[in-house]
Amino acid sequence: MQQLGDNAKGAGILRDLLDSEEIEQQDVWRMVVMATAAEDWETVRLGAAKIGMPLKSSEGPIEEEMGLVRIILPAPDGSQRQVLSVRTGPATARLALPQPPGMEYNAGDLVVFEPQLLEPIPESPEEQENFVPPFAAVSMLRPGGYTSWFFDGAAPSQADWTEFNDVMAERGWPMWVYSDDNYTVTHPTSGEPLPGVFGWIAVPPDVSPVELDALLDDATERWVHPLAWLDLAKAVDVEVERHERITKEYGL
């Protein structure tokens with residue numbers, strides 16, 4: 001708890017200087033980050049007001065939708081990952097993309113970030129429109145407890161895929177395709193390459209693997225080619241052989 005105490009103490013010291021002439025904007029931001037990590041929302045609000053950042057709520061945790069950001073987080077191999085996230089406060093964001101197992105974070109996690117842009121804002125209005133600001137993560141504020149499950153197979157028709165996306169979005173289950181346009185699988189009878197698709201679906205802690213398995217079954221049963229989710233099938237012990245057969249036949 002040392003870190004939490006240090007953050008609370010540091011935020012308190014800077015808060016005492018908030019009305020003085022000497023305090024600079026970067027100090028106010030530093031106070032906001034420390035106060036956020038300590039969940040001292042009153043101090044965060046004071047800092048936001050000083051900076052001129054409007055907030056909708058006046059008390060309690062700050063949980064707003066302030067647009068998309070890219071949160072830069074460490075990966076286990078020493079590299080970095082950019083995770084698309086929704087900014088929820090002056091220095092907080094909720095990760096929006098499912099991460100493969102083995103990562104220390106996943107969709108649904110609330111993180112504290114350093115509100116200093118890691119890239120300059122583009123100059124052209126066109127580029128500015130598509131610019132998603134990148135920020136470095138500082139710490140985990142609250143894990144969301146989501147679990148990711150892998151899916152793989154031949155890509156369905158555009159209409160089927162849109163419907164599949166809508167089903168996931170309705171439930172608020174983050175899904176992300178990690179394969180690119182070059183990814184192919186093998187047609188089981190002709191041996192021809194077929195456009196493929198693989199990715200992860202993350203479900204919140206109140207959703208059981210059985211529930212996800214049943215939904216995937218229902219959502220993909222009319223597809224021309226079946227989708228495989230072998231790890232999930234093994235976890236729930238449902239139709240494991242069918243998923244093993246799909247994996248083998250399509251060369252997944």
Side-chain angles (χ1 to χ4, degrees), residues 7 10-11 14-15 17-37 41 43-57 61-75 77-100 103-141 144 158 161-162 165 169 172 174-183 199-200 202:
N7 280 320
L14 289 166
R15 181 175 168 165
L17 301 171
L18 205 53
D19 296 324
S20 73
E21 295 294 312
E22 288 91 72
I23 196 155
E24 293 178 17
Q25 184 145 327
Q26 66 191 48
D27 293 324
V28 180
W29 272 119
R30 208 159 85 228
M31 179 192 83
V32 164
V33 172
M34 287 174 154
T36 300
W41 301 111
T43 301
V44 175
R45 282 190 172 82
L46 286 171
K50 182 83 174 174
I51 290 156
M53 181 184 255
L55 296 172
K56 292 185 184 114
S57 60
I62 298 165
E63 184 71 58
E64 300 185 12
E65 289 213 0
M66 297 178 160
L68 292 175
V69 291
R70 285 177 284 156
I71 297 295
I72 314 302
L73 288 143
D77 64 1
S79 66
Q80 290 183 322
R81 283 174 84 91
Q82 295 192 20
V83 183
L84 197 66
S85 307
V86 177
R87 188 173 191 169
T88 60
T92 49
R94 193 174 300 284
L95 306 186
L97 297 192
Q99 300 298 309
M103 302 304 252
E104 288 177 6
Y105 43 86
N106 204 347
D109 290 350
L110 191 65
V111 298
V112 182
F113 65 85
E114 190 64 64
Q116 190 177 358
L117 269 176
L118 297 175
E119 289 170 20
I121 295 170
E123 285 176 23
S124 79
E126 207 173 296
E127 284 181 308
Q128 278 179 21
E129 212 172 299
N130 299 318
F131 181 66
V132 179
F135 299 105
V138 174
S139 61
M140 176 79 71
L141 193 62
Q158 194 56 54
W161 185 246
T162 302
N165 273 274
M175 178 184 76
W176 194 252
V177 171
Y178 278 89
S179 53
D180 60 22
D181 294 343
N182 302 322
Y183 179 62
W200 302 91

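These numbers come from the heavy atoms of this one structure, side chains and all, not from hydrogens, waters or symmetry mates. Just so you know, residue 1 is the first one in the sequence shown, and it goes up from there. The structure displayed is predicted, hence computed values, not measured ones.
- Within the 4.5 Å cutoff, side-chain heavy atoms of Phe131 are placed close to those of Arg70.
- When side chains are defined from C-beta on, Leu118 does not count as touching Phe135, because their heavy atoms never get closer than 4.5 Å.
- If you run side-chain contact (heavy atoms from CB on, under 4.5 Å) between Met66 and each of Leu55, Thr88, Val86, only Leu55 comes through.
- With rounding to the nearest 0.5 angstrom, the CD1 atom of Ile71 is 12.0 Å from the CG atom of Asp109.
- Within 6.0 Å of CD in Glu63 there are more than 12 heavy atoms belonging to other residues, nucleotides or ligands.
- When all heavy atoms are compared, the tightest approach of Tyr178 to Pro98 is OH-O, 2.7 Å.
- Atoms CH2 and CE, from Trp29 and Met53 in turn, are 4.0 Å apart once rounded to the nearest 0.5 Å.
- Counting only heavy atoms from C-beta outward, the side chains of Val32 and Pro115 never approach each other to under 4.5 Å.
- At most 12 heavy atoms of other shown residues, nucleotides or ligands fall within 6.0 angstrom of atom CG in Asp181.
- Of the listed residues (Val69, Leu73, Ile72), just one forms a side-chain contact (heavy atoms from CB on, under 4.5 Å) with Val83, and that residue is Leu73.
- Atom CZ of Arg81 and atom CE of Met103 lie 3.5 Å apart (nearest 0.5 Å).
- For the atom pair CD1 (Ile51) and CE (Met31), the distance works out to 7.0 Å, reported to the nearest 0.5 Å.
- Distance CZ/Phe113 to CG/Leu141: 12.0 Å, rounded to 0.5 Å.
- Counting non-hydrogen atoms of neighbouring residues, nucleotides and ligands closer than 6.0 angstrom, the CD atom of Glu119 exceeds 12 such neighbours.
- Residues Ser139 and Val111 fail the side-chain proximity criterion, which asks for heavy atoms closer than 4.5 Å.
- No more than 12 heavy atoms of other residues, nucleotides or ligands sit less than 6.0 Å from atom CD of Glu123.
- Side chain of Gln128 to main chain of Pro122: a donor-acceptor pair is present (N/O by atom type, distance under 3.5 Å, no hydrogens or angles).
- A salt bridge is absent between Arg87 and Glu65: the closest approach of a Lys/Arg side-chain nitrogen to an acidic carboxylate oxygen does not fall below 4.0 angstrom.
- Here the straight-line distance linking atom OH of Tyr105 with atom CG of Leu95 works out to 8.5 Å at 0.5 Å rounding.
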